[in-house]
Amino acid sequence: MALDTAAAAERLLRFLSVNAITGHEGPIGKELAAALQEVGVPAKAIAFDDAHTRIPEPTPIGNLIVKLPGTGKKGAKPVLFMTHMDTVPLCAGAKPKIAGKRIVNELEGTTALGGDNRTGCAVLVTLAAELIKQKLPHPPITMLFTVREESGLFGAKHLNPADLGGPAVGFNFDGRNAADVIVGAIGADRWFVDIRGKAAHAGVAPEKGISATMVLALAMAEVYEGGWFGKVTKDGREGTSNVGLVGTADGKSAGDATNVVTDFVHVKGESRSHDAKFVREITAAFKVAFSNAAAKVKDHEGRAAKVKFTSRLDYVPFRLKSDAPVVKLAEVAIQKIGRTPNLRTTNGGLDANWMVKHGIPTVTFGAGQNEIHTVKEFVDLREFESACQLALALATAE
Ligand SMILES: [Zn+2]
């Protein structure tokens, strides 16, 4: 299919140059709206939703939603093309430049680049540009550029599905290879523990104290012995767990002096699995271990430690069937651009997790991202161009 690859690469470079990390999407939202109008999308077709008013973290703008009326067969169902507009904080200050068939960072080694996910943004705007310029017949198209993907899939989670115009299928661009079709993604819980012990002089009267640190240690030992830590496999079911922060709620060290029995420890952890029930079981194993441990650590009067365990569903796992219409459409379009589709699942969360939950079967493709979330990040322009071709093939499929 005809495609102005130079214009597409310029567009990508332009979006990569915008400093707008997750939670600070204002400038990229503005740039995308401007770029869409420049390629001929009417201003009235471009709107920001109110998802940011429901996102629990401060967010300057809502998701950007663009609606292109159908120009092909009457009665065709709308199709959703989506991507996220934010980047990870490590991208702040990146200076992108084209180097052969790559886009790299002039400041390599100091910041990430932001190909995750300005590649997706450029694919969608290029799709709009080519459809309009080439006057290609297409079904009604909804384009969705989400906010705060990187900080918790919040834009996708908090959107109102009714704002999308009823798409039957969704195509998300966020990854490396255009020929990869991600048909399933993991689900995750995030959990938090407050362990309350009691301070006492550790040299003079340690028996009067209740060590929150010891509760943590015993709980972790039980979780470890029970096979619930790290890679978790139980009766053929698989998942993972990890403990991140151990300290105070504001990130300081739990306990400060060696001569004081530690009275408080805050713990943050997570559980993941492609099996929603197993995610909850892993989290439950931690909860039980912390309460068992709290009951064991007592002061001289038999008072035990107290534990408050809370968990929150970060995202639900999903797995689309390989014969689902959205998967078939993806496979046909990938073959049409001369590639071989590769169906796979991922152990990271995607905006697609929420789209599937909202009732829109959504697959995810790559668009040239490489070494994301690292200071070695670069964009592979061949894969990016391939993703642009793929979007065009998907939008013009019969
Ligand atoms: Zn991403």
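Every number for a ligand or one of its atoms is a count from 1 in the order of the listing.
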| Have His24 and Asn19 got a donor and an acceptor in their side chains that come within less than 3.5 Å? |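 The criterion, which ignores hydrogens and geometry beyond distance, is not satisfied for Asn19 and His24.
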| said: Taking 2.8 Å as the distance threshold, tell me the number of protein N/O/S atoms next to the Zn ion (ligand 1). | reply: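 Near the Zn ion (ligand 1), the number of protein N, O or S atoms below 2.8 Å is 4.
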| With His84, the side-chain hydrogen bond (donor to acceptor under 3.5 Å, both in side chains) member among Asn63, Asp116, Thr22 |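 Among Asn63, Asp116, Thr22, the one that satisfies the side-chain hydrogen bond (donor to acceptor under 3.5 Å, both in side chains) with His84 is Asp116.
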| Contact list for residues 200-218, test side chain to side chain donor-acceptor pair (under 3.5 Å), sequence neighbours left out |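 For residues 200-218, and leaving out neighbouring residues, the side chain to side chain donor-acceptor pair (under 3.5 Å) pairs sorted by first residue read Thr213-Thr262.
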| field | Test: Glu383 and Arg176 ion pair at under 4.0 Å | value |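 Salt bridge: no.
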| Pair Glu385 + Lys101: basic N to acidic O under 4.0 Å |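 The answer is yes: the pair qualifies as a salt bridge.
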| request: Give a yes/no verdict on a cation-pi contact between Arg102 and Phe378, requiring under 6.0 Å between NZ or CZ and the six-membered ring centre and an angle within 45° of the axis. | output: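 Here Arg102 passes the 6.0 Å and 45° test against Phe378.
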